[in-house]
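Numbering of ligands and ligand atoms starts at 1, following listing order. All residue numbers refer to positions in the sequence shown, counting from 1.
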Amino acid sequence: MTVRNILIHPDPRLKKVCPPVAQITPELRTLADDMLQTMYDAPGIGLAAPQVGELVRLIVMDCIKEEGAAPRPLILFNPEITWTSEDTNIYDEGCLSIPDQYAEVERPAEVKVRWLDADGAPQQEHFDGLWATCVQHEIDHINGKLFIDHLKPLKRQMITRRMQKLKRERARA
Ligand code: NI
């Protein structure tokens, strides 16, 4: 498995609506494994394919955070939200494409999601807590949307300027 380079906002590839996967090829399975490796390495709890420059509907997640608990890597091709609760939750969200920036985002507290796993088998799950927030954040990514797009314009612009500065500094280094 390979740790891939994570794109930093702003990048046009992070603003694209990604097309669905027609067939889960060995290349796409490798991409999913690389994305999990990249996510654990970061470390993060979720990653979407466009964040590594691949414009396909694929996300990976593992929201197990307890020290010593068994990991639960999930690979979701073509994930679809089929139900959202009326109850909402507010989490202080961050993103591997927007390093060290956090802001509160309100989202449905529970969601039902269906997807295809790495073997192409249909899966469905009812997510709550951090998992629900994470899966919505990652599905936003494959629709070209970032968590800062949920914020007020001023706050979003402030974070975007910080990221532009960070990218300039990294380019010079
Ligand atoms: Ni993100």
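- Ion pairing between E54 and R13 fails under the 4.0 Å rule for side-chain N and carboxylate O.
- With respect to K15 and D149, a salt bridge is recorded, a charged nitrogen being found less than 4.0 Å from a carboxylate O.
- Each of Q101, H137, Q136 was compared with E93 under the side-chain hydrogen bond (donor to acceptor under 3.5 Å, both in side chains) criterion, and only H137 meets it.
- Using modelled atom types, one finds no donor on one side chain facing an acceptor on the other under 3.5 Å when comparing R114 with Q123.
- Between R4 and T38, the closest heavy-atom pair is N-OG1, 2.8 Å.
- Taking distances strictly below 2.8 Å, the protein N/O/S atoms close to the Ni ion (ligand 1) are C95 SG, H137 NE2, H141 NE2.
- Salt-bridge annotation for R107 and E86: absent, with no side-chain N of the basic residue lying under 4.0 Å from a carboxylate O of the acidic one.
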